[in-house]
Structures are given as structure tokens and as C-alpha cells.
Amino acid sequence: LHRVDRRQRQMCIRDRYNEEGCGEAVDLKMMSYNLANAKDATLQIIAQHIVDTDADFIAVQECPCDELLAVLPDKYRLSQDPRSGVTIVYDHEKWLTLYTDFLPLGNNDDGWGERVMHWARFSNRESGHCVNVYNTHFCVSIRSPDDSCDVERQIAYLDKTNAFIQERQSPLAPSLFAGDFNVFDGFESGPVLEEIKSQGFVDLLRQFESDDTGPTFLSLIHISEPTR
């Protein structure tokens with residue numbers, strides 16, 4: 001998901017490449033994977049897709065990151081050590097990490113443990129262009145009727161996430177928001193994704209692959225086309 005920012009008076013955080021904050025926009029590719037139970041053969045397949053796509057950023061959830069990095073080229077690094085299985089893998093040869101942080105969203109709302117959102121701001125090594133990348137893993141709303149996780153709780157996650165993003169948003173540094181949203185109530189037509197879109201995000205998967213409908217977790221791999 002890519003955010004279309006409508007605010008006018010914003011400034012991008014300055015970086016060492018450009019005193020004005022952000023350089024010329026660049027094309028990039030982003031992917032997202034929940035890697036739960038992914039082992040040798042599966043990780044090899046995923047790593048090959050990442051390499052073939054030449055992905056800039058890979059949002060990962062439930063990540064066996066040591067094993068994943070072992071089958072990826074050396075240019076891929078972690079933005080930060082994973083927390084609750086969430087982090088961002090990025091192309092270190094193309095991008096410099098400027099800032100990273102984790103935002104706690106919930107604790108054991110579905111018996112799984114802590115839920116978080118991870119943020120990293122990157123600068124392109126060649127142009128100085130900045131981009132904000134966000135990755136999350138929401139609680140499961142259908143696991144048990146005794147859980148506190150439901151659609152309303154997921155919307156509360158979004159409210160907290162949106163406030164965090166608003167503080168860091170700039171027209172000169174676009175935001176990419178990915179993750180495992182564990183959306184079951186209405187799937188992509190349900191209230192959670194509708195709320196995300198109402199906050200100004202555009203679904204890039206549907207924009208570039210308009211014939212591809214249905215929940216994304218029914219497919220093995222989805223690849224984001226280059227986008228500005």
C-alpha cells in the first residue's frame with residue numbers, strides 16, 4: 001500500500017545526501033511475506049523470487065531471518081533485528097537506513113503474543129531520495145471467541161499506526177505500508193482494508209495487477225511492480 005499525502009506544509013528529514021531532505025524520486029520494488037513455517041526448500045524458492053525481482057524492500061512477518069539471509073545475496077540486510085517476527089529486509093547496496101523504530105500495537109490479543117508495527121526510513125544511495133517503509137502483523141480476529149482481538153481491535157491498531165505515520169509523513173518521502181493484516185471479515189472489501197484506504201493509501205497490488213482478485217494469502221507469492 002502506498003500513501004498519497006494531501007498535506008502541503010511538510011518537510012522531509014534532512015540527510016547527508018541532500019540539504020533539502022530528499023533527492024530525485026526513483027523506481028523501486030517491494031514485496032511482503034509471512035514466513036511462518038518456511039524452511040529450507042520454501043526459503044530457497046522465496047529467496048530466488050526476491051533475487052529475480054531485484055526487490056528493494058521485503059516486509060517480513062514471522063521471519064526466520066537468520067535462515068532467510070543465509071540463502072540471499074550478501075547485499076540484503078535487516079533494517080533492525082526482528083521484534084515479534086517483524087522486520088524489513090532491504091538492498092543495502094541501493095539504500096541507506098536513516099531511522100528505524102517499532103510501535104507496539106497489542107499484547108496477546110489473540111494468544112499469539114505481542115503485535116507490532118515496524119518503521120524504517122531509507123535514503124537511496126545514488127539519488128538521496130527518501131522513502132518510509134512500514135511493516136506490521138495484526139492479531140487474528142477469528143481464532144477464539146474468548147480473544148480480545150476482533151475487527152474493532154484491528155481498527156484500533158490502525159488508529160495507532162496512522163498517528164505514528166502522520167508524525168513521520170512528508171510529500172517528499174512517500175510511505176509504503178505492508179504486512180500481514182489477518183483480515184477475515186469481508187477480506188479486501190471488509191472494514192479494515194476500507195479503513196486503510198480511507199486514510200489515504202492506494203492498493204498497489206490491485207493497481208498493477210487489476211485482474212488478480214481475492215485474498216492475497218490464497219496465492220504463494222505476490223510481487224509489487226516498480227512504483228514511484
Side-chain angles (χ1 to χ4, degrees), residues 1-5 7 10-33 35 43 46-61 63-104 116-137 161-162 164-179 200-202 204 223-228:
L1 294 163
H2 172 251
R3 182 160 211 156
V4 180
D5 191 281
R7 295 183 295 166
Q10 285 288 344
M11 291 184 64
C12 181
I13 294 176
R14 296 174 184 269
D15 65 63
R16 68 187 181 91
Y17 290 98
N18 189 322
E19 289 188 354
E20 295 303 317
C22 290
E24 183 179 355
V26 296
D27 290 337
L28 62 86
K29 300 176 184 178
M30 182 171 176
M31 310 169 78
S32 180
Y33 291 104
L35 297 172
L43 288 175
I46 291 171
Q48 191 59 54
H49 275 88
I50 292 172
V51 171
D52 291 345
T53 305
D54 193 25
D56 294 83
F57 306 111
I58 308 98
V60 288
Q61 310 87 39
C63 180
C65 288
D66 289 342
E67 291 85 349
L68 177 62
L69 291 178
V71 294
L72 282 171
D74 291 340
K75 70 176 184 175
Y76 286 106
R77 308 281 179 86
L78 301 181
S79 57
Q80 196 168 341
D81 288 341
R83 177 170 167 180
S84 301
V86 172
T87 191
I88 298 163
V89 179
Y90 72 101
D91 185 338
H92 177 72
E93 293 181 354
K94 295 181 183 177
W95 298 91
L96 176 70
T97 306
L98 298 179
Y99 304 95
T100 66
D101 201 359
F102 282 97
L103 174 70
V116 301
M117 191 268 291
H118 177 46
W119 162 65
R121 174 169 287 199
F122 300 94
S123 174
N124 185 268
R125 290 182 180 273
E126 182 175 347
S127 74
H129 180 61
C130 303
V131 60
N132 294 307
V133 181
Y134 299 90
N135 178 29
T136 193
H137 188 194
T161 296
N162 192 48
F164 186 92
I165 292 175
Q166 288 280 359
E167 293 177 356
R168 292 154 180 81
Q169 184 64 20
S170 164
L172 298 177
S175 292
L176 298 169
F177 185 24
F201 285 96
V202 175
L204 290 179
I223 300 173
S224 173
E225 295 295 327
T227 182
R228 287 192 181 275

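Treat the numbers as computed from the prediction; the structure is a model and nothing was measured.
Using a 4.5 Å heavy-atom cutoff, the side chains of Q80 and F102 are in contact. Taking the side chain as every heavy atom from C-beta outward, Y33 and I50 approach each other to under 4.5 Å. Residues L28 and H129 fail the side-chain proximity criterion, which asks for heavy atoms closer than 4.5 Å. Side-chain contact check for D91 versus Y76: some heavy-atom pair is nearer than 4.5 Å. At least one side-chain heavy atom of F201 sits under 4.5 Å from a side-chain heavy atom of I165. Residues V60 and T87 meet the side-chain proximity criterion, which asks for heavy atoms closer than 4.5 Å.
Partners of R83 by salt bridge (charged side-chain N to carboxylate O under 4.0 Å, His left out), not counting sequence neighbours, listed by chain and number: E114. In terms of the salt bridge (charged side-chain N to carboxylate O under 4.0 Å, His left out) criterion, residue partners of D54 (sequence neighbours excluded) are, by chain and number, K75, K94. With sequence neighbours excluded, the residues satisfying side chain to side chain donor-acceptor pair (under 3.5 Å) with Q48 are D52.
Residues T100 and S79 share a closest heavy-atom pair of CG2-O, 3.6 Å.
Applying the salt bridge (charged side-chain N to carboxylate O under 4.0 Å, His left out) test to residues at least two apart or on different chains, none of the pairs has a partner in residues 63-74. Listed by first then second residue, pairs satisfying ring-ring contact (aromatic ring centres under 6.0 Å, His included) with a partner in residues 78-97 read F57-W95, Y90-F122, not counting sequence neighbours.
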